[in-house]
Amino acid sequence: MTLLKAVRGTRDLLPPETELWNRVEATARRVFARYNFGEIRTPIFEDTQLFARGVGEETDIVSKEMYTWEDGERFNERKLIADWVKTNESDEPSRVQGGRVNIQGVPSFLAKLKEIGVQLQVWRGVNAGEEHLLSGHVELVSFRPSVSSDAIASLLKARDLGKSDPTGQIQQFPIRLRLVIPMSGAVNTWVDRKDVIVEPFEGKFFDSAQSLTLRPENTAGVVRAYLEHKLGESGLLQKLYYIGPQFRRERPQKGRYRQFWQIGAEVIGPPSAGSESPLRDAEVLEMLASFLDELGIAGWTLTLNSVGSSTDRPRYIAALREALQDKAPLMCVDCQRRAETNPLRVLDCKVPEDQPIIETLPRIADYLDDASEAHFAQVLAALDACGVKYEVNPRLVRGLDYYTRTTFEFTHGGLGAQNALLGGGRYDGLSEMLGGPKAPGIGFAIGLDRVVLTLQAQAEAAPRKPAPALADAFIAPLGESLNASALELARELRRQGLRIELGDGSFRLKKSFEIGNKLARSIVLYGEDEHASGILTVKNFATGEQTKIPRDQLAQALQRTGKM
RNA sequence: GCGGCUAUAGUUCAGCGGCAGAACGCCUGACUGUGGCUCAGGAUGUCGUGGGUUCGAUCCCCACUAGCCGCCCCA
């Protein structure tokens with residue numbers, strides 16, 4: 001039996017690494033608290049519509065990277081029967097074959113069906129125009145009073161196959177399932193037109209309550225919660241932070257996982273609360289700089305830009321498209337594609353030859369209206385005033401549709417291709433996109449995985465690595481009869497705040513020492529003598545010093561060695 | 001999603017068309033209530049999975065899976 005493994009792009013976080021994760025999270029909580037942020041926890045999955053409307057239907061995240069499923073999906077027998085009746089009512093009886101499910105599709109699709117074990121009689125005919133038997137197994141289908149579970153399973157498989165069709169090949173040839181019941185006089189009693197409600201077939205045999213999606217980011221969820229709970233009605237600015245896993249189906253790489261962790265925060269509220277103020281932008285950026293500094297991340301770079309208001313941006317994109325009509329053919333193939341699909345991305349191109357051309361393209365700065373321009377200038381002025389270093393990069397663009405005005409990212413050189421530690425920006429129109437009142441906001445998401453990677457790389461480079469955390473003491477019961485009272489001793493010490501490892505009476509003393517030396521700073525011997533006298537034998541591993549300590553002074557003594 | 005590289009012991013990695021290897025770690029003993037150091041001994045294993053070539057495959061070929069690097073995208 002093959003061992004099951006964590007699925008692609010996911011991973012287990014084990015001690016002692018989790019200690020580092022906790023440190024980062026604790027630092028975030030501590031720093032954010034000083035700015036009066038409160039924690040919000042939103043669901044890990046949301047209605048798919050939330051992300052489609054918030055993040056943007058056309059973004060890569062929504063169009064190809066989300067984990068989406070139809071929740072509460074049920075096989076709809078009525079639809080299946082209705083479809084059968086509809087497609088077969090004009091068929092000549094002689095053309096109807098008994099007990100089979102016919103599936104039409106392209107050869108690769110049929111091969112796949114075979115591969116996953118769908119046992120059906122299958123002909124190829126769409127492309128080749130010839131009939132060719134690929135599999136001889138005949139699956140019987142009966143659907144009175146209900147469709148066989150095998151047939152349902154086959155439909156489910158075919159449906160999933162259609163969903164995961166990577167090349168779009170299958171979609172070009174829609175899956176057509178035709179259920180054919182045995183030819184006999186029984187037909188009319190099996191499916192009586194009067195008993196069946198014939199409805200137009202809508203192209204699916206499945207009904208679902210709603211489409212759900214594992215969150216690919218958390219801002220949309222926070223804004224949804226803000227609207228749902230009418231937090232704007234307080235008239236105050238809402239300052240919320242979150243820590244949690246996010247999900248995107250991308251190709252895994254170092255620093256990029258399919259389940260990844262983000263620490264993020266949002267400042268959002270009605271305009272009357274000052275949510276539009278450039279001071280909020282600067283304050284958030286200053287907080288992030290403090291967070292990274294306090295964590296001890298050296299060598300980060302803050303890059304920022306203004307992508308303009310929701311009216312500036314379309315104007316700019318139009319201008320960019322126009323300029324690219326002439327320029328794009330001179331650029332790399334990627335840029336030629338981007339010019340069509342997502343012109344803003346051309347600005348991100350890293351090909352050296354393209355750089356001079358990019359320099360000649362229109363700049364977003366020239367398309368900002370006066371208000372946006374002034375807003376950005378005030379953000380920069382506030383950053384200057386508090387001494388946070390930054391670079392303005394007029395080519396910095398963000399991939400999510402909801403960003404307006406200030407956008408930024410903090411990068412770190414040690415991360416390779418995935419060099420962004422965190423990213424964020426202002427989203428003045430998001431609330432309205434979700435059907436809410438005007439509620440400008442600014443937020444960011446820290447890539448926790450990447451921050452941890454950076455810290456680990458720094459620790460690796462450091463001349464002295466920190467020693468792994470040791471327990472204060474290892475309690476070694478000498479003999480299994482002492483196990484129970486050793487637990488009592490451990491409980492006593494632990495309740496006084498000590499970190500205790502408890503051995504086992506079956507261990508030979510030598511083994512207790514060996515294990516104790518690996519796990520703890522001191523060993524406490526708990527044998528018959530100690531049990532009777534209440535005077536315990538304690539040996540400090542570092543000094544080799546061995547002393548007798550009365551039980552009531554033990555905690556204090558171990559505390560003291562802890563500070564050594 | 002695309003391209004390249006990789007997959008052997010718990011870990012880091014050698015290796016070879018014909019008995020599966022090192023170092024570290026682990027276990028046992030020298031040493032029955034005293035660890036680290038030393039010495040002696042021991043066990044490591046589906047050689048990623050499935051096919052193919054071959055008398056014979058961990059090695060060569062193919063497919064798959066996973067990881068890493070780059071692209072894409074983003075945190």
> Taking it one step at a time, do A/D449 and A/W21 satisfy side-chain contact (heavy atoms from CB on, under 4.5 Å)?
Replying inline: CA-CA 8 Å; A/D449 305 75; A/W21 284 71; 3.4 Å; yes

> Step by step, would you call A/E46 with A/T213 a side chain to side chain donor-acceptor pair (under 3.5 Å)?
Replying inline: CA-CA 6 Å; A/E46 300 263 6; A/T213 294; over 6 Å; no

>> Pair A/K539, A/E545 - check salt bridge (charged side-chain N to carboxylate O under 4.0 Å, His left out), show working.
In response: CA-CA 6 Å; A/K539 186 165 184 177; A/E545 183 190 354; over 6 Å; no

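To the nearest whole angstrom, the two C1' atoms, one in B/A14 and one in B/A7, are 15 Å apart. Across the P atoms, B/U65 and B/A57 are found 25 Å apart, a figure rounded to whole Å. Comparing B/G10 with B/A43, their C1' atoms sit 12 Å apart, to the nearest whole Å. Straight-line distance between the P atoms of B/U46 and B/A9: roughly 8 Å, to the nearest whole Å. Using C1' as the reference atom, B/C27 and B/G15 are 27 Å apart when rounded to the nearest Å.
Rounded to whole Å, the distance from CZ on A/R258 to C1' on B/A75 is 16 Å. As a whole-Å value, the separation of A/R251 CZ from B/U65 C1' is 12 Å. Atom P of nucleotide B/A75 and atom CZ of A/F408 are separated by 10 Å, given to the nearest angstrom. Separating the CG atom of A/L14 from the C1' atom of B/G10 is a distance of 13 Å, rounded to the nearest angstrom. If you measure from atom CZ of A/R249 to atom P of B/C2, you get 11 Å, rounded to the nearest angstrom. Atoms CG (A/L344) and P (B/C73) sit 11 Å apart, rounded to a whole Å. One atom, CD of A/E250, and another, P of B/G70, lie 14 Å apart when rounded to the nearest Å. For A/K254 and B/G70, the NZ to P distance is 10 Å, given to the nearest whole Å.
Side-chain atoms of A/R494 come within 3.5 Å of backbone atoms of A/I500 as a donor-acceptor pair (strictly under, hydrogens ignored). Checked by atom type and distance alone, the side chain of A/R248 never pairs as donor or acceptor with a backbone atom of A/R258 at under 3.5 Å.
Using a 90° window around 0 for the glycosidic torsion, B/C62 falls outside it and is classed as anti.
Side-chain N/O atoms of A/E286 and A/Y35 include a donor and acceptor closer than 3.5 Å. Residues A/N218 and A/T42 bring a donor and an acceptor atom of their side chains to less than 3.5 Å of each other.
Minimum atom distance to the side chain of A/R8 is reached by B/G67, of the listed B/G1, B/G67, B/A75. Checked against B/C69, B/A75, B/A66, the side chain of A/Q253 finds its nearest nucleotide in B/C69. Nearest nucleotide to the side chain of A/P252, out of B/C73, B/G67, B/U28: B/G67.
Separation of the A/Y403 and A/Y427 ring centroids does not fall under the 6.0 Å cut-off.
Residues A/D449 and A/K518 each lie close to RNA chain B; by heavy-atom proximity, the contact nearer the 5' end of the strand is made by A/K518.
A/H412 meets the ring-ring contact (aromatic ring centres under 6.0 Å, His included) test with no other residue; sequence neighbours excluded.
Counting any heavy atom pair closer than 4.0 Å across all strands shown, A/L421 reaches sugar-phosphate atoms only and no base atom. Contacts of A/G479 with the nucleic acid, taken as non-hydrogen atoms under 4.0 Å apart, are absent. Counting any heavy atom pair closer than 4.0 Å across all strands shown, A/G423 reaches sugar-phosphate atoms only and no base atom.
For RNA chain B, runs of at least 3 consecutive pairs of the Watson-Crick or G-U wobble type, with both hydrogen-bonding distances under 3.5 angstrom, map to B:1-7 with B:65-71, B:10-13 with B:21-24, B:26-30 with B:38-42, B:48-52 with B:60-64.
The aromatic rings of A/F408 and A/F444 are tilted relative to each other, their planes meeting at an angle between 30° and 60°.
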> Taking protein heavy atoms under 4.0 Å as touching, what does nucleotides 33-39 of chain B look like 5' to 3' if B marks base contact, S marks sugar-phosphate-only contact and - marks none?
Replying inline: BBBB---

